[in-house]
Amino acid sequence: MANFMDFNVQISEKQSLAKTLAMAAKLGYSIVAVNHCAPSIDSIVKKKKKDKGYHTIPLPEALKVDAETLKNIMVGTKKFRQLSRFSTIMEDVAQLQKLNTPEIQAFDLVAVQPLTEKIFHVAVSSLKIDIITVDVTQKLPYPIKRPLINVALERGIYFEIQYSPAIRDSTSRKYMIANAQTLIRVCKGKNVIFSSGCQKAMDLRGPHDVANLGLLFGMSQEQAKAAISTNCQSLLLHSESRKITKSTVGVVHKTKLEEKDKWIIEQNVSNDKKVQNSTNSTSKSESRLTDSESRNTDIKRENDNCKSVKRVLEGRQPEDVTEVKKLKLDEKCMQANDIKSDVIK
């Protein structure tokens with residue numbers, strides 16, 4: 001069974017957020033990302049706190065509900081996980097490098113919504129992000145070109161389409177269908193995820209309803225289902241690689257490992273045994289092949305010799321054949337004379 005995910009649930013009051021997460025778990029989502037959206041990156045990096053619009057970046061764990069509330073949400077579900085996400089809207093190229101701060105990179109997911117083509121180009125080519133949000137509820141401010149999309153695909157960046165704004169407004173719904181079809185046509189259905197972007201539980205829709213929405217946008221059934229399951233799983237792997245690019249490695253002897261970490265050694269040993277068994281079986285099969293090939297070579301050589309002998313015999317003249325017969329008769333006579341001489345003696 002596929003694990004369905006929603007990577008954009010807007011941050012709100014803890015009580016309202018708990019209701020939204022509970023609704024997501026009830027609908028069948030196994031992983032949900034709580035999103036902190038900053039209208040502008042400048043509003044969180046100003047040095048003077050007295051400046052208007054200043055606010056600090058919350059800790060990733062501060063976005064999530066507490067453990068007790070999470071247990072209540074998980075009642076009746078096999079598994080449920082909450083993630084932290086940071087999103088911002090980019091208007092100036094000078095703001096882009098500010099995304100590399102440790103406070104922002106500590107989030108499980110980092111998303112950017114570019115407002116110009118130049119920012120979009122930099123975002124897909126060099127920024128340390130996971131998601132590019134495309135606002136499909138209004139006219140696109142720049143054309144989406146396939147070469148830039150290919151760069152994003154190679155880097156493992158995903159494009160997000162939010163459906164909850166279209167639920168609240170009919171005008172946004174018209175733009176959403178046209179723009180989403182354009183994006184999916186250029187992307188060929190690859191590296192696209194669907195998220196709710198909901199602010200309350202009533203804006204959420206079930207995974208299968210969202211997948212049917214992908215069919216309306218021109219996706220195949222497999223691509224539409226991947227947009228809320230396997231694509232999201234690949235996006236999580238990309239986010240993990242983003243966070244560990246700058247890290248340190250420590251070496252600890254296996255006898256000093258804690259009990260909770262010993263499973264790593266056991267798993268590696270089992271994997272090594274599997275690899276060794278596979279190599280042994282491969283070598284045996286190769287040896288069998290070499291033996292059979294050598295036998296086939298010998299048989300072929302014998303057949304070639306027989307053919308050559310036959311070819312030589314067929315090519316001889318009748319006189320040569322009679323000479324061969326005479327030689328054979330002379331040999332028999334010599335053998336008979338030898339036998340007679342032995343008897344006389």
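A heavy-atom distance below 4.5 Å is found between the side chains of Thr88 and Leu99. Side-chain contact check for Leu127 versus Val110: every heavy-atom pair is 4.5 Å or farther apart. With contacts defined as side-chain heavy-atom distances shorter than 4.5 Å, the pair Asn231/Asn191 does not qualify. Taking the side chain as every heavy atom from C-beta outward, Leu204 and Asp6 approach each other to under 4.5 Å. A 4.5 Å side-chain heavy-atom check between Ile157 and Ile132 finds at least one atom pair inside the cut-off. With contacts defined as side-chain heavy-atom distances shorter than 4.5 Å, the pair Leu21/Val65 qualifies. Counting heavy atoms from C-beta on, the side chains of Leu109 and Tyr158 never come closer than 4.5 Å.
No donor-acceptor pair under 3.5 Å is formed between the side chain of Ser196 and the backbone N or O of Ser164. Without hydrogens or angle criteria, Ser229 side chain to Lys225 main chain gives a donor-acceptor distance under 3.5 Å. A side-chain donor-acceptor contact under 3.5 Å links Ser241 to the backbone of His238.
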Going through the distances and angles, do Asn100 and Lys128 end up as a side-chain contact (heavy atoms from CB on, under 4.5 Å)?
CA-CA 7 Å; Asn100 296 329; Lys128 292 177 64 176; 3.8 Å; yes
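Distance check: Lys19 NZ to Thr69 OG1 gives 12.5 Å after rounding to the nearest 0.5 Å. Of the inter-residue distances, the one linking Leu183 atom CG with Met176 atom CE reads 11.0 Å to the nearest 0.5 angstrom. Leu235 contributes atom CG, which lies 11.5 Å from atom OG1 of Thr230 (distance to the nearest 0.5 angstrom). Rounding to the nearest 0.5 Å gives a distance of 11.0 Å between CZ of Phe217 and OG1 of Thr182. Put simply, NZ on Lys79 and CZ on Arg81 are 10.0 Å apart, with the number rounded to the nearest 0.5 Å. Annotation: the span from Phe194 atom CZ to Leu213 atom CG amounts to 6.0 Å, rounded to 0.5 Å.
Closest non-hydrogen pair, Ile73 versus Ala18, comes out as CD1-O, 3.9 Å. Scanning all heavy atoms of the two residues, the minimum distance from Pro58 to His36 falls at CD-NE2, 3.6 Å. Taking every heavy atom of both residues into account, Leu63 and Ser84 meet most closely at CD1-CB, 4.1 Å. When all heavy atoms of Ile228 and Pro207 are compared, the closest pair comes out as CD1-O, 3.0 Å. Closest approach of Ala224 to Ala211, counting heavy atoms only: CB-O, 3.2 Å. Contact detail for Leu17 and Ser12: the closest heavy-atom pair is N-OG, 3.5 Å.
Follow the hydrophobic side-chain contacts under 4.5 Å out from Val122 and you reach Leu153 in the same cluster. Both Met219 and Leu216 sit in one connected hydrophobic cluster of ILVMFWY residues. Membership requires side-chain heavy atoms under 4.5 Å apart, directly or through other members. Under a hydrophobic clustering in which Ile, Leu, Val, Met, Phe, Trp and Tyr are joined whenever their side-chain heavy atoms come within less than 4.5 Å, directly or via other members, Val192 and Phe7 fall into different clusters. In the hydrophobic cluster analysis, where Ile, Leu, Val, Met, Phe, Trp and Tyr join through side-chain heavy atoms closer than 4.5 angstrom, Ile161 is grouped together with Ile144. Taking hydrophobic clusters as Ile, Leu, Val, Met, Phe, Trp and Tyr residues chained together by side-chain heavy-atom distances below 4.5 Å, Leu236 does not share a cluster with Ile129.
Taking the side chain to side chain donor-acceptor pair (under 3.5 Å) definition, one finds that Glu222 meets it with nothing, sequence neighbours left out. Listed by chain and number, the residues in a side chain to side chain donor-acceptor pair (under 3.5 Å) with Gln113 amount to none (sequence neighbours excluded). For Ala111, the side-chain contact (heavy atoms from CB on, under 4.5 Å) partners two or more places apart in sequence, or in a different chain, are Arg85, Ser87, Ile131, Thr133. Applying the side-chain contact (heavy atoms from CB on, under 4.5 Å) test to Pro102 and every residue at least two apart in sequence or in another chain returns nothing. Considering only residues two or more places apart in sequence or on other chains, Asn72 meets the side chain to side chain donor-acceptor pair (under 3.5 Å) condition with none of them. Residues forming a side-chain contact (heavy atoms from CB on, under 4.5 Å) with Glu91 (at least two apart in sequence, or on another chain): Leu115. Judged as a side-chain contact (heavy atoms from CB on, under 4.5 Å), and not counting sequence neighbours, the contacts of Met74 are Leu70, Thr77, Phe80. In this structure, the side chain to side chain donor-acceptor pair (under 3.5 Å) partners of Thr137, at least two apart in sequence or on a different chain, are Asp135.
Residue pairs meeting the salt bridge (charged side-chain N to carboxylate O under 4.0 Å, His left out) criterion with at least one partner in residues 141-157, sequence neighbours excluded, are Glu117-Lys145. Screening residues 195-211 for salt bridge (charged side-chain N to carboxylate O under 4.0 Å, His left out) gives Arg168-Asp203 as the qualifying pairs, with residues at least two apart or on separate chains. Residue pairs meeting the ring-ring contact (aromatic ring centres under 6.0 Å, His included) criterion with at least one member in residues 105-129, sequence neighbours excluded: Phe86-Phe107, Phe120-Tyr142. Sorted by first and then second residue, the salt bridge (charged side-chain N to carboxylate O under 4.0 Å, His left out) pairs involving residues 176-196 (not counting sequence neighbours) form an empty list.
A salt bridge does not link Glu68 with Lys71: every distance from a Lys NZ or Arg NE/NH1/NH2 to an Asp or Glu carboxylate oxygen is 4.0 Å or more.
Sparse packing is recorded around NZ of Lys174, with 12 or fewer heavy atoms of other residues, nucleotides or ligands lying under 6.0 Å away. Enclosure of atom NZ in Lys64 by more than 12 non-hydrogen atoms of other residues, nucleotides or ligands within 6.0 angstrom is indicated.
Side chains of Asn8 and Gln10: a donor on one and an acceptor on the other come within 3.5 Å. Under the 3.5 Å distance criterion, with hydrogens and angles disregarded, no donor-acceptor pair is assigned to the side chains of Asp108 and Ser239.
Proximity of the aromatic rings of Phe4 and His208 is defined here by a centroid distance below 6.0 angstrom, and this criterion is met.
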